[in-house]
Amino acid sequence: MKFGATLSGLFASRRTPVGSETSRAVNRLMPPGAAVRELDLLLIWSAVGLLLLGLVMVYSASIAIAEGSRFTNYQSHYFLMRHSVFLAVGIGFGLVAFQLPMTQWQRLALPLFVGGVVLLIVVLIPGIGREVNGAQRWLSLGPVNLQPSELMKIFAALYAADYTVRKLDAMSSFKRGFLPMMAVILFVGFLLLREPDFGAFVVITTIAFGVLFLGGVNVRVFALLAVFAIIGFIILIWTSPYRRERIFGFMDPWQDAFGKGYQLSHALIAFGRGEWFGVGLGASVEKLFYLPEAHTDFLLAVIAEELGFAGVVLVVGLFAVLVQRAFVIGREAIKLERYFSGLVAQGIGLWMGVQSFINMGVNMGLLPTKGLTLPMMSFGGSGIVANCVALAILLRIDWEVRQMKRGAGS
């Protein structure tokens, strides 16, 4: 892949300071309340499609659970209402995030990342972090729970992009360029594995080192990292009994369909029942207390059962468009020497692409069962808010790029 080397050359020959006249000119342009035509319509419509389809499917997947639980006061619309509130809050935070120029996001990158690390430490303190199903990943904030690992995905993209821009001259050096970032990410990984949240660890690691690779880190160093990462993941899996059981359950879920293969076997049944066009919206059988976490981790299985192969293709297509637009926006920003913006956009694209791929792979039985939600769609407050803020940052990058192009052409 030649992109990293190309970016390094661009950096070395034509670096633009954060406080340059170009940056200030973009910040003085018309406010972000510009017409929709000033933004990437494909990105907007793919995101809107995923958010709205997710809202509908969360309601469909959660009706039976909500009606049969004393925790929800037996209200069928309990998860729908909460998801709607989370979505509204996420859009609100997104509108605020869109107002900030990317120069400001670059200044905030390090403080936000440090704040995220502090939250990961706080969540592990007994009596403060909330434990659910053996995992201590949440901070209770009255009626809602905050999941710091979701916020860390944004913070990791921002910090990795800022680090790459600041350390570009040292990117060819393992000691000065690569080692400091590796130490930071390993510390974050240690905190995540203490929760435990192996899925978030994989996603955040991919974001951080993916941005470094796109920013021009030495290819041999990156290849060495990949080898060590594979070995490390194998060790983590082999030394953890519950992760080992998930691997064996994934390889043959029918061998213990009522034990370690239970979730996957019912997900596969849902896919099989859906066939081409599904059994109809709301008509899923697997969501009736058979498929655990139907409205979170296994939402795609319910989509497959109710909307069939066509519904799954629609979801995959929308994610493909979203990720493709993120990388295009990033590439356009880099062409205009907006290096931090370009790397952030592509870091967000990596995040959405990798997490959706893992979730879909788990639902289809292509990957071991892992507790990762489907971005933009699954039920969950912290995840939806983080996704909306990430989309707002992407749109801000796109808007600034378009304004710079307009200024250059006038």
Side-chain angles (χ1 to χ4, degrees), residues 45-95 130-133 135 137-147 150 263 266-267 269-271 273-274 277-308 310-312 314-315 318-319 355-356 359-360 363 371-389 391:
W45 286 116
S46 61
V48 169
L50 288 169
L51 290 170
L52 293 180
L53 182 58
L55 183 65
V56 172
M57 295 311 302
V58 163
Y59 181 42
S60 177
S62 65
I63 291 177
I65 301 172
E67 285 183 340
S69 174
R70 185 168 55 186
F71 171 75
T72 64
N73 293 323
Y74 309 105
Q75 298 176 350
S76 62
H77 58 274
Y78 176 84
F79 290 103
L80 171 66
M81 297 304 296
R82 287 180 68 87
H83 193 74
S84 299
V85 171
F86 295 148
L87 188 54
V89 171
I91 292 172
F93 274 103
L95 291 173
R130 184 186 176 197
E131 184 175 332
V132 178
N133 295 330
R137 304 175 185 173
W138 296 268
L139 292 172
S140 183
L141 302 176
V144 297
N145 295 314
L146 175 67
Q147 189 172 355
E150 291 293 339
Q263 284 180 304
H266 281 280
I269 291 171
F271 271 86
R273 292 193 74 245
F277 299 103
V279 297
L281 184 63
S284 167
V285 171
E286 287 301 317
K287 70 184 182 185
L288 304 178
F289 302 100
Y290 292 106
L291 182 61
E293 309 297 337
H295 59 303
T296 55
D297 300 350
F298 284 88
L299 186 67
L300 187 69
V302 178
I303 294 174
E305 186 177 4
E306 296 190 349
L307 305 182
V312 174
L314 174 63
V315 171
L318 289 173
F319 272 110
Q355 184 165 333
S356 60
N359 178 273
M360 292 175 187
N363 275 253
L372 272 179
T373 57
L374 189 60
M376 317 285 295
M377 300 186 72
S378 292
F379 176 80
S382 300
I384 287 293
V385 171
N387 295 159
C388 289
V389 171
L391 284 171

Quick one: pull up CD in E293 and OG in S378 and give me the separation to the nearest 0.5 Å.
10.0 Å

So, the side chain of K287 versus the backbone of S60: is there a donor-acceptor pair under 3.5 Å, distance only?
yes

Please enumerate all residues that pass ring pair (Phe, Tyr, Trp, His ring centres under 6.0 Å) together with F271, with sequence neighbours excluded.
none

Output the distance between atom OG1 (T373) and atom CG (L299), rounded to the nearest 0.5 Å.
10.0 Å

Report the distance from atom CZ of R130 to atom CG of L146, rounding to the nearest 0.5 Å.
12.5 Å

Would you say that V144 contacts F86 through its side chain, given a criterion of any heavy-atom pair below 4.5 Å between the two side chains?
yes

Is there side-chain contact between M377 and V315, with heavy atoms separated by less than 4.5 Å?
yes

Please tell me if the side chains of E306 and M57 come closer than 4.5 Å, counting only heavy atoms from C-beta onward.
yes

Is there a side-chain contact between F319 and L374 (heavy atoms, below 4.5 Å)?
yes

Donor-acceptor contact present, side-chain N387 to main-chain P375, <3.5 Å:
no

State whether the side chain of S69 and the backbone N or O of I65 hold a donor-acceptor pair below 3.5 Å, judged by distance alone.
no

Taking side chain as C-beta onward, heavy atoms only, is F277 less than 4.5 Å from L307?
no

To the nearest 0.5 Å, what is the distance between CG (L87) and CG (L55)?
6.5 Å

From N145 atom CG to W138 atom CH2, the distance as rounded to the nearest 0.5 Å:
8.0 Å

Please examine the side chains of V56 and L281, heavy atoms only from C-beta on, and report whether any two atoms are closer than 4.5 Å.
yes

Considering all heavy atoms, the nearest G380-H83 contact:
N-ND1, 4.1 Å

What closest approach, in Å, do A270 and A301 show between heavy atoms, and which atom pair accounts for it?
CB-O, 3.5 Å

Hey, does the side chain of N363 reach the backbone of D297 with a donor-acceptor pair shorter than 3.5 angstrom?
yes

Side-chain touch L53/M376, heavy atoms, less than 4.5 angstrom
no

Heavy-atom pair of closest approach, residues C388 and G90:
CB-O, 3.2 Å

Counting N and O atoms only, with roles assigned by atom type, does the side chain of Q147 sit under 3.5 Å from a partner on the main chain of R137, one being a donor and the other an acceptor?
no

CG/L291 to CD/E305 distance, rounded to the nearest 0.5 angstrom?
8.5 Å

In terms of the angle between their ring planes, are F379 and F79 parallel, tilted or perpendicular, with boundaries placed at 30° and 60°?
perpendicular

